Number of protein chains: 2
Amino acid sequence: MAVKPTVSISVIRRLPRYYRFLGDLAKAGINRISSRELSERMGLTASQIRQDLNCFGGFGQQGYGYNVSSLREEIARILGLDNQLNTILIGVGNLGRAIVSHLDFGQRGFNLTAVFDNNPELCGTTIAGMTIMDPSMLEEYCSAHPTQVAILTIPRTAAEALSERLIQCGIRCFWNFSHYDFNLDYENVVVENVHLTDSLMTLGYRVNEYLRTQQTKTEE
Amino acid sequence: MAVKPTVSISVIRRLPRYYRFLGDLAKAGINRISSRELSERMGLTASQIRQDLNCFGGFGQQGYGYNVSSLREEIARILGLDNQLNTILIGVGNLGRAIVSHLDFGQRGFNLTAVFDNNPELCGTTIAGMTIMDPSMLEEYCSAHPTQVAILTIPRTAAEALSERLIQCGIRCFWNFSHYDFNLDYENVVVENVHLTDSLMTLGYRVNEYLRTQQTKTEE
DNA sequence: TAGATTGTTAATCGATTAACAATC
DNA sequence: TAGATTGTTAATCGATTAACAATC
């Protein structure tokens, strides 16, 4: 079988947004849309939308456009929203708590099965129906319950200290909120980083740049 | 004065990471580094590092490399870490709480001055030394305290409902955790989006792709 | 059929990498 | 001075946009 050429990460990162917009359209009772109209609503070019979608197949129909709900289903399939990935979360601070309680993992293709925290006061208490476990239970838990993904809502030092054990537990995929760099220490891992501090600093640069342009305008 | 050509967002987004690595090096007592060695530590090319830095000036020295602490200071200056931007946060749920308590705004160029939440049970209580206010106080607060940035840790519907008022309050820059699309409704705004759900779904795609390659390997 | 809109190829644009002269 | 490494120009690569024939 021919190896399917991998789709670029830029395209993949746009898929969730398409999925969201298509959901909104469906909710609004719209069942047909052209790439041009979708592009106007989303602030993209129609070309880009057609190129993106055609990485995965021809989902539209000439002269008609795309069927909203069937395109949405196609994207759900591409993203693997039905394939429930067994997932654990480590670090039940405010951020971990926010993630456990506000994200609907089931709807996103994940099955959150266990949460860990090394705070003895938290261990044994429950969150979203799960009993918080001590990280010393990691190995035992993972050998009994094969796990594909770990969410790390812990500080960098804790992530560094745990990384080797998580790899030993067979986990290769991480949603990483810490500033620990998995990619540098392990090959053949999948890491999606969310670096809030980096995002904040990027915002800072852009705000200062914006304020400079405003100042210049006033001076003119 | 000639208009400085704006630096591409790809470069800007790498600056916080450079800043972090340079901090680590400084902490480790290293005070000199070449682009090649830094590139190996960070998993980039030396060319890219030199190109990135030279968007802002020649900070290195031929035959020597870069001075760690002075390069770090240059990047701090470029990011505007000294220029404290007055900032408010709206939505003191778990996510807002995590952000208020775990990010060091002062060190990142921001001055968090007020927090708002429409939950009557939270209003009047304090967090990080600030008394949580009702959003009805927004206009009054902003006219008394000029504010450049708003952090939105609220659901999409709440963000939609508040957007016009925030714009009226003179705020044009947003750290947006909601799924509301500012860019589509307002021009001349700076929006840094953090879409956790999108990030999670992107991870899902990548994990499934990874699992497929592993399966193929086993079959061979 | 005529009109609309896709799928896809070609052109453009921008970002990354390579190369090397300048220079510490 | 010789060696090392930058700053910068040129080459490559990839992503976005434009164009249009295919076709519903």
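Numbered from 1 within each chain, the chains take letters A, B, ... in sequence-line order. What you are looking at is a predicted structure, and each value in this text was computed from that prediction instead of being measured.
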Identify whether the distance between the nearest side-chain nitrogen and carboxylate oxygen of B:E160 and B:R156 falls below 4.0 Å.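 B:R156 and B:E160: salt-bridged.
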
Please list all pairs meeting salt bridge (Lys or Arg N to Asp or Glu O under 4.0 Å) that have one or both residues in residues 95-113 of chain A, counting only residues at least two apart or in different chains.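 As it turns out, there is no salt bridge (Lys or Arg N to Asp or Glu O under 4.0 Å) pair with a partner in residues 95-113 of chain A once direct neighbours are skipped.
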
Report the residues that fulfil salt bridge (charged side-chain N to carboxylate O under 4.0 Å, His left out) with A:R172, sequence neighbours left out, ordered by chain and then residue number.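 If we apply the salt bridge (charged side-chain N to carboxylate O under 4.0 Å, His left out) test to A:R172, skipping adjacent residues, there are no hits.
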
For DNA chain C, find the residues of residues 16-30 of chain A with a heavy-atom distance under 4.0 Å and give them by number; none if there aren't any.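 DNA chain C contact set from residues 16-30 of chain A: none.
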
Which residues pass the side-chain contact (heavy atoms from CB on, under 4.5 Å) test with [X], sequence neighbours left out?
X	value
A:A128	A:V100, A:M130
B:F56	A:Y205, B:V7, B:V11, B:I12, B:L15, B:F59, B:I78
B:Q168	B:E164

If you write DNA chain C from 5' to 3' in dot-bracket form, with Watson-Crick or G-U pairs under 3.5 Å, [ ] for crossing pairs and | for pairs with another strand, what do you get? ..||||||||||||||||||||||

Please list, chain by chain and in numerical order, all residues satisfying ring pair (Phe, Tyr, Trp, His ring centres under 6.0 Å) with [X], sequence neighbours excluded.
X	result
A:Y18	none
A:F177	A:W175
A:H102	none

Please assess B:R206 against B:E209 for the test salt bridge (charged side-chain N to carboxylate O under 4.0 Å, His left out), listing each intermediate value before the final yes or no. CA-CA 5 Å; B:R206 295 174 61 200; B:E209 188 184 44; over 6 Å; no

State whether the number of non-hydrogen atoms from other residues, nucleotides or ligands found under 6.0 Å of B:R36 atom CZ is greater than 12.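 No, CZ of B:R36 has 12 or fewer neighbouring heavy atoms, counting only those of other groups under 6.0 Å.
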
Side chain B:Q148, main chain B:C173, donor-acceptor under 3.5 Å: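 Here the side-chain-to-backbone pair does not exist.
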
Atom pairs, N/O to N/O, protein against nucleotides 13-17 of chain D, distance under 3.5 Å?
unit_1 : atom_1 : unit_2 : atom_2 : d
D:dT16 : OP1    : A:R14  : NH1    : 3.1
D:dT16 : OP2    : A:R14  : NH2    : 3.1
D:dT16 : O5'    : A:Q48  : NE2    : 3.3
D:dT17 : OP2    : A:T45  : OG1    : 3.1
D:dT17 : O4     : A:Q51  : NE2    : 2.5

Nucleotides 2-6 of chain C: which of its N/O atoms have a protein N/O under 3.5 Å away?
unit_1 : atom_1 : unit_2 : atom_2 : d
C:dT5  : OP1    : A:R32  : NH2    : 3.3
C:dT5  : O4'    : A:G63  : N      : 3.0
C:dT5  : O2     : A:G63  : N      : 3.3
C:dT6  : OP1    : A:S35  : N      : 2.6
C:dT6  : OP2    : A:S35  : OG     : 2.6

